[in-house]
Amino acid sequence: MQLADIGMIGLGVMGSNLALNIAEKGYRIAVYDREPPVLEKFYASSGALQERIIPCETMEQLSRNIIRPRPVIMLIKAGAPVDAEMQKLKAFLDKGDIIIDSGNSDYRDTVRRLNALGENDPTFVGMGISGGAEGARNGPSMMVGGTVEAYRRIKPILDAIAARYKGEPCSALMGPDGAGHFVKTIHNGIEYADMQMIAEVYGILRDACGLPAAEIASVFEKWNQGPLNSYLIEITAKVLQAIDPETGRPVPDIILDAAGQKGTGRWAAIESQILGVPATGIEAAVAARSISSAIEERRQLAAIYGEPVRAGYVKADQAFIEALEQGLLAAKIAAYAQGFAVMAAASKEHQWNLPLATIARIWRAGCIIRSQFLDEIGEAFASHTAQEQAVENLLLAPAFTAQMARASQSLRHIVAEAVAAGVPVPALSSAIAYFDALRQKRGSANLIQAQRDFFGAHGFRRIDKTGDFHGPWGGL
Ligand code: 6PG
């Protein structure tokens with residue numbers, strides 16, 4: 001029998017869809033799942049693609065059915081299962097073969113797994129995939145971390161199955177070892193911020209303006225034709241239009257307001273803190289999800305203090321709807337600026353040489369945060385030659401300065417209105433604070449330095465002379 005070009009371990013939603021995508025693009029794929037019924041069901045439902053799928057009952061069989069050097073994608077639950085399956089798989093592979101972990105793994109685990117491999121072991125690639133089940137089946141965005149040699153072997157397959165933006169595949173090598181999973185983590189952090197800011201605007205329209213779901217849907221639908229055009233705005237309009245067949249009510253109105261989280265947004269916030277690069281939009285989004293889940297605590301506080309919202313406080317006239325659109329755009333620019341700044345810092349820290357323009361480009365299609373806006377970000381990074389200093393904060397990029405100067409006025413206005421109306425907008429307000437703090441020539445940290453020196457003799461610098469000084473704190 002003709003051998004497969006690649007292998008797949010794990011036929012859950014993502015694995016099976018990615019395997020079908022690979023087979024559809026003309027590649028032969030050997031597949032394995034530790035649950036035999038899952039394998040059978042997958043194979044039985046693969047239709048005409050069966051001729052390019054080799055179902056394998058064991059990992060050993062899978063390894064015998066792939067052309068060398070053998071790439072094997074693992075799409076299994078992140079964490080300990082990856083270590084366990086990798087340990088088993090390794091025994092059937094040789095030097096030069098490639099184990100590809102495509103789950104949402106912590107990049108630190110990816111680095112550890114790679115470093116634990118011996119001289120004669122296969123190599124290890126950490127590949128972030130975005131786009132959910134639909135993306136996996138029809139074209140995801142893929143962020144690869146590993147050696148150039150391993151990437152070369154899998155590149156034709158990845159390029160064939162990836163989403164395309166104006167013909168360019170949304171897949172690329174991000175750098176060595178954990179680079180791919182790190183970039184995916186920041187993608188998810190930005191995804192959290194984006195979703196939270198959209199939800200806050202929805203909250204303003206629903207609670208401060210008193211609009212019903214259908215009208216809010218129309219607002220988002222219209223925005224999707226403008227500068228906010230993106231997958232997340234598009235699906236927001238769609239979910240707001242959906243009607244619950246049981247009650248006849250808009251579906252969002254019957255969903256409990258407690259957001260889940262699997263951890264990648266939290267990792268992004270933690271990494272930004274470790275690197276000392278603020279990602280306040282991501283932090284606010286993670287915290288907001290946690291607060292949303294504290295249902296009992298919220299109930300108790302509402303009983304003691306009353307609910308904050310002043311319904312009907314803001315009139316949803318055209319001017320305010322436009323301010324919301326511009327304000328959301330400004331907050332989005334700030335959140336993306338933060339995410340890219342975190343990646344720039346990680347790139348230096350780990351010497352990954354992350355291709356920031358390429359990252360923006362492979363996020364233009366296929367992934368959850370896909371948008372027109374990422375094309376502009378890609379341009380902003382690409383317009384800088386290697387000799388010039390790379391733009392490390394998008395707010396400094398000429399392409400964004402005029403937009404931000406204008407849109408930030410609206411952001412300030414909508415945040416002020418939301419606060420006055422009692423609608424919590426932690427991500428939107430963090431964005432205006434970030435922007436204001438960054439462009440403030442003289443902030444208030446001089447007082448913090450004085451306090452630090454007062455209680456700990458930590459010293460401070462003066463504005464009028466160089467050196468390290470202490471204050472006249474009364475002989476303390
Ligand atoms: C993607 C998504 C995907 C998944 C997240 C959701 O890029 O395709 O980010 O990875 O939907 O894991 O994360 P939460 O469950 O934490 O919201």
Side-chain angles (χ1 to χ4, degrees), residues 10 12-18 21 73-79 81-82 100-107 109-110 126-145 158 161-163 165 170-172 174 178 180-200 230-236 239 252 255-272 279 281-293 335-336 339 342-343 359-371 374 427:
V13 180
M14 289 297 284
S16 54
N17 278 307
L18 202 70
N21 185 357
I73 298 177
M74 292 199 304
L75 253 165
I76 59 177
K77 198 170 158 18
V82 174
I100 306 158
D101 169 24
S102 292
N104 270 336
S105 291
D106 185 332
Y107 89 95
D109 284 337
T110 306
M127 179 169 91
I129 298 189
S130 179
E134 194 269 329
R137 180 66 184 86
N138 300 315
S141 170
M142 288 170 287
M143 297 139 255
V144 187
L158 299 184
I161 62 169
Y165 184 90
C170 292
S171 167
M174 303 285 96
H181 275 139
F182 186 89
V183 172
K184 176 61 170 55
T185 298
I186 300 305
H187 166 281
N188 280 27
I190 295 174
E191 173 186 304
Y192 270 53
D194 227 340
M195 292 168 75
Q196 175 63 26
M197 294 181 314
I198 293 172
E200 290 175 12
S230 61
Y231 173 70
L232 284 171
I233 293 284
E234 179 194 329
I235 65 163
T236 301
V239 299
I255 298 178
L256 188 73
D257 60 332
Q261 50 180 322
K262 294 204 201 83
T264 45
R266 187 167 54 230
W267 293 346
I270 292 170
E271 293 306 333
S272 76
I282 302 173
E283 286 165 18
V286 174
R289 285 200 192 189
S290 301
I291 292 177
S292 80
S293 302
Y336 280 67
V342 173
M343 288 191 288
I359 293 171
R361 289 196 184 114
I362 64 166
W363 286 353
R364 289 176 304 182
C367 67
I368 302 295
I369 62 169
R370 61 187 179 255
S371 70
L374 279 155

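Both counts, for ligands and for their atoms, begin at 1 and track the order of listing.
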*Look only at the side chain of S141 and the backbone of S130, and say whether a donor-acceptor pair between them is shorter than 3.5 Å.*
no

*In Å, rounded to the nearest 0.5 Å, how long is the span from CE of M142 to CE of M174?*
11.0 Å

*Could I get the full list of side-chain contact (heavy atoms from CB on, under 4.5 Å) partners for T185, not counting sequence neighbours?*
W267, A268

*How would you list, by chain and number, the residues with a heavy atom under 4.0 angstrom from ligand 1?*
N104, S130, G131, G132, K184, H187, N188, E191, Y192, Q261, K262, G263, R289, I368

*asked:* I'd like to check the side-chain hydrogen bond (donor to acceptor under 3.5 Å, both in side chains) partners of S105; sequence neighbours left out, ordered by chain and number.
replied: D101

*asked:* For R361, is there any backbone N or O sitting under 3.5 Å from a side-chain donor or acceptor partner on R364?
replied: yes

*Using ring-ring contact (aromatic ring centres under 6.0 Å, His included) as the criterion, list what pairs up with F182, not counting sequence neighbours.*
Y107, W352

